[in-house]
Amino acid sequence: MNLLVALDSGSDGKELLTSARVLAHASGWPLRGLHVKLTAEAPDLKLPARLTTNTEVREAVGDPVEEILKAAAEDDVIAF
């Protein structure tokens, strides 16, 4: 199972990712981040390397709610 965390491009996204990494480590699950952009032209998520080590970060384009629900429905994902 992968622990899914939805990320935004602000400082809240970095704080949330830091907390999610602790939870994933405690549970023994890999962490998967998801950043949803409204348009393809929107900037990609920029995170410090220390936060992306051993963390898969995916980018998606579209409605954030729809993309998060789609990612949460994958067989290898658990979302909180």
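Grouping Ile, Leu, Val, Met, Phe, Trp and Tyr by side-chain contacts under 4.5 Å, direct or through others, leaves Val22 on its own.
Note that the CZ atom of Arg21 and the CZ atom of Arg50 stand 8.5 Å from one another [nearest 0.5 Å]. Here Glu59 contributes atom CD and Leu7 contributes atom CG; the two are 9.0 Å apart, rounded to the nearest 0.5 Å. With rounding to the nearest 0.5 angstrom, the CG atom of Leu34 is 10.0 Å from the CD atom of Glu56. Put simply, CG on Leu47 and OG1 on Thr55 are 9.0 Å apart, with the number rounded to the nearest 0.5 Å. Atom CG of Leu4 and atom CD of Glu74 lie 8.0 Å apart (nearest 0.5 Å). Atoms NE2 and NZ, from His35 and Lys46 in turn, are 10.0 Å apart once rounded to the nearest 0.5 Å.
Connection of Val5 to Leu23 is established within a shared hydrophobic cluster, with ILVMFWY side chains joined at heavy-atom distances below 4.5 Å, either directly or through further cluster members. There is no path of hydrophobic side-chain contacts, each under 4.5 Å, that joins Met1 to Leu69.
Thr53 is linked by a side-chain contact (heavy atoms from CB on, under 4.5 Å) to nothing, counting only residues two or more places apart in sequence or in another chain. Residues forming a side-chain contact (heavy atoms from CB on, under 4.5 Å) with Ala24 (at least two apart in sequence, or on another chain): Leu3, Leu31.
Gly62 and Val36 get closest at one heavy-atom pair: O-CG1, 3.5 Å. The two residues Glu67 and Ala60 come nearest to each other via the heavy atoms OE1-CB, 3.7 Å.
Sparse packing is recorded around CG of Asn54, with 12 or fewer heavy atoms of other residues, nucleotides or ligands lying under 6.0 Å away.
Looking at Arg32 and Asp76, their side chains come closer than 4.5 Å, going by heavy atoms from C-beta outward.
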